[in-house]
Amino acid sequence: MNYYSLNHTSPNTTFKDAVVNGIAPDRGLYFPETITPISKEFFKNIGDYSNEQIAFEVIKQFVGNEIPESKLIEIIKKTISFDFPVVKIDKNIGSLELFHGPTMAFKDVGARFMSQCLEYFSQDEKEEVTVLVATSGDTGGAVANGFLNAKGVKVVILYPSGKVSDIQEKQLTTLGNNITALEVDGVFDDCQEMVKSAFLDTEISRKLTSANSINVARWLPQMFYFFFAYKQVHQQHKNIVFSVPSGNFGNICAGLMAQKLGLPIKHFIAATNVNDTVPNYLENGKYDPKPSIATISNAMDVGNPSNFIRIQELFQNHLSALKESFSSYSFTDHETREAMKNIYNKSSYVADPHGAVGFLGLEKYDLSDTEFGIFLETAHPVKFLDVVEETLPVKVDIPPQIEKVIDKEKVAIKINSYEELKAFLNSN
Ligand SMILES: *Cc1c(COP(=O)(O)O)cnc(C)c1O
């Protein structure tokens, strides 16, 4: 499979090069040249397939013959070795729980898939690849965990000092081996800026790639669980509506790709917090990115969502066609807390702030009797312990995955300028 750059001035490239380079030389995001729908038979019989078989069917055309079939199956098995249940919380609403992986957020899926692809591709490379990533919280842990001990791959994670939760910090600073955490004296935007500078800096001697959802190997496997959810609910014979709590819009863009492959989804809702660039665009046709605003659903505090350009490409930049499949609404922190309370009071279900924003999306859309709404519960409530416990009358149990890292010792190198990052990259 070949990929083209959405800036259209770099040559098309292979899956391997798209993964290894992350972004095109012209700074555009990569997009697959062709998208071939899966057969109707497959969807009719989806109940007969295992999750692994489904994932293989979904991803194979995007990898092509660049990874042998048996190896790709092995990668898939390791990627999705946990559950993806749709938990019914109301007559016509379900929560698709994406937090049963090792770091308890959906990013485990993309991070595990990408790390194994990169490890496979770097086997025959002389040069080691360094994954450089800035995190506001969840990405760092998922990437650290997914890439731990990957051969030929080093990982450098930048995170803002004092701005991530204790659990998130432990998840990205305690693994050691090929993972290094750099604690930046600044905010997330400073980390992001340093990473961008490094990618543009010709004086950096290492081969760098990114592990954000701009990388096709992190973005595309996120299609899997939309199919797994469909498999669980299709026998209700209702029209399915997904509401995806969105920040960088990688997750929902994967859902729209799944629809393009033929997955029978009636509608998608991108639910955001007050970082409302996309909802505003749908409303008034002006795409006006803004600096991000801090909220209680902080993994979605993104003012300029990088994957929205891929969504526009999927709809050939036709706003009216996009609006038929896609709505987007924004919600305040106050509304998010009220939603957490409503869900808990009605269904005794504890949603994290991101899932609650997804739930609000379904409420606003106003499902009919012939529709079934699914919101993505993108992280376990324990990852946002403070907000959950101050909003709901509950005490969240610490799951074993989290218990394991809580008592480990944090190891991080403090940096406070780009020059220090550069010196680190060139010396190690
Ligand atoms: C990253 C993240 C999101 C946002 O996903 P995007 O693909 O960036 O839109 C939502 N919820 C949680 C918990 C996350 O970690």
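The basis for the numbers below is simple: all heavy atoms, side chains too, and nothing from hydrogens, waters or symmetry mates. Both counts, for ligands and for their atoms, begin at 1 and track the order of listing.
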Lys410 atom NZ, over 12 foreign heavy atoms within 6.0 Å: yes

Atom-level proximity to ligand 1, residues with heavy atom under 4.0 Å: Phe106, Lys107, Asp138, Pro245, Ser246, Gly247, Asn248, Phe249, Gly250, Asn251, Ala299, Met300, His354, Thr378, Ala379

I'd like to check the side chain to side chain contact (heavy atoms under 4.5 Å, CB included) partners of Ala198; sequence neighbours left out, ordered by chain and number. Leu132, Ile204, Leu208, Tyr418, Leu421, Leu425

Partners meeting side chain to side chain contact (heavy atoms under 4.5 Å, CB included) with Thr332 (sequence neighbours left out): Val274, His334, Glu335

Salt-bridge present (Arg310, Glu313; N to O < 4.0 Å): no

According to the ring pair (Phe, Tyr, Trp, His ring centres under 6.0 Å) rule, which pairs have a member within residues 154-199, sequence neighbours left out? none

Are Lys77 and Glu74 within salt-bridge range, i.e. N to O under 4.0 Å? no

